[in-house]
Amino acid sequence: MPVSLIMAVQQEPKMSAKQVWDSVEHYTVRCTKCSKWRLIPTKEKYEQIREKIEEEPFQCESAREWRQNISCNDQTDVKQDDNLQWAMDKPSIPRTPSGWQRIIRLRAKGGTKFADVYYVSPSNKRMRSKVELERYLAENPSYQEEGVVASRFSFQSPVALDADYANAKRRAVSAPEDTSANHTQKDEAIPKVIGV
DNA sequence: GCCACCGGTGGC
DNA sequence: GCCACCGGTGGC
């Protein structure tokens, strides 16, 4: 059963944005009945759907909240587009506490990783991991009093549909005799690595 | 082998 | 000097 969430992410940040931009441009969810993709109008709505997707499966009729009369008979909202990267999100990620931002940043193609997730606090502090987040919450107890606790955060990254986007380990594959026609990697100046 | 975490640094 | 971005790795 495929996970029914997907996001289209742009490769380059919006030009001249002073603040850091989320790389995600469109939020989409798949109808459990007809499997068509429906655009979700806002990030907030998307996060709300994602949080409960397993208890409350999404279907086209759910989109009537923002689109009158939409049904499975309407054609799909999105087709994959060459200018965008597509990624599958994890279900059941808690909705971002109000006043906070959960930001996904794409990395450059060909690196070791597809994307980074980080949170920005209402006071504009940027956190890169659960450890940093918990430390920050401990140092700022007022958040916890409001119910903003560590369990409401998740650093789970979406997964690129393009399997070749990342993982381009620049490490040479150690190649004893038999990997002859494996791939077309340039063999220029790659340090030899021994063993596994 | 994977990935959460964080140190390093290039570009501003 | 800052910080966005990336690579490396320790712990599982």
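Below, all heavy atoms of this structure are taken into account, side chains as well, without hydrogens, waters or symmetry copies.
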Under 4.0 Å between a side-chain nitrogen and a carboxylate oxygen: does that hold for [X] and [Y]?
X        : Y        : result
A:Lys109 : A:Asp162 : yes
A:Glu47  : A:Arg50  : yes
A:Asp116 : A:Arg128 : no
A:Glu51  : A:Arg95  : yes

Contacts of A:Thr42 meeting side chain to side chain donor-acceptor pair (under 3.5 Å) (sequence neighbours excluded), chain-then-number -> none

For A:Ala150 and A:Leu137 the tightest heavy-atom approach is N-CD1, 3.6 Å

Sequence neighbours excluded, the answer for ring-ring contact (aromatic ring centres under 6.0 Å, His included) partners of A:Phe153 is A:Trp100, A:Tyr119

When you compare the protein's N or O atoms with those of nucleotides 6-8 of chain C, which come within less than 3.5 Å of each other, and at what distance?
unit_1, atom_1, unit_2, atom_2, d
C:dC6, OP1, A:Ala108, N, 3.2
C:dC6, OP2, A:Ala108, N, 3.4
C:dG7, OP2, A:Thr112, N, 3.1
C:dG7, OP2, A:Thr112, OG1, 3.2
C:dG7, N7, A:Arg107, NH1, 2.9
C:dG7, O6, A:Arg107, NH2, 2.9

To the nearest 10 degrees, the angle between the two end axes of the helix from B:dG1-C:dC12 to B:dC12-C:dG1 (five pairs per end) comes to 10°

Side-chain donor-acceptor pairs of residues 60-68 of chain A under 3.5 Å, sequence neighbours excluded:
unit_1, atom_1, unit_2, atom_2, d
A:Glu61, OE1, A:Lys33, NZ, 3.4
A:Ser62, OG, A:Gln59, N, 3.2
A:Ser62, OG, A:Gln59, O, 2.9
A:Arg64, NE, A:Ile70, O, 2.8
A:Arg64, NH2, A:Ile70, O, 3.2
A:Glu65, OE1, A:Lys45, NZ, 3.0
A:Glu65, OE2, A:Lys45, NZ, 2.6
A:Arg67, NH1, A:Asp77, OD1, 3.0
A:Arg67, NH1, A:Asp77, OD2, 2.9

How close or far is atom P of B:dA4 from atom OH of A:Tyr118, stated in whole angstroms?
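Result: 17 Å.
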
- Answer yes if the side chains of A:Asp89 and A:Tyr46 hold a donor-acceptor pair under 3.5 Å, and no otherwise.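 There is such a pair between these side chains.
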
Here the residues of residues 129-136 of chain A within 4.0 Å heavy-atom distance, strictly under, of DNA chain B are A:Ser129, A:Lys130, A:Val131, A:Glu132

Query - Short side-chain N/O contact from A:Gln156 to OP1 or OP2 of B:dA4, under 4.0 Å - result: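 Yes, A:Gln156 has a side-chain N/O under 4.0 Å of OP1/OP2 on B:dA4.
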
* Asked: Do A:Ile53 and A:Val29 have side chains that get closer than 4.5 Å, going by heavy atoms?
  -> yes

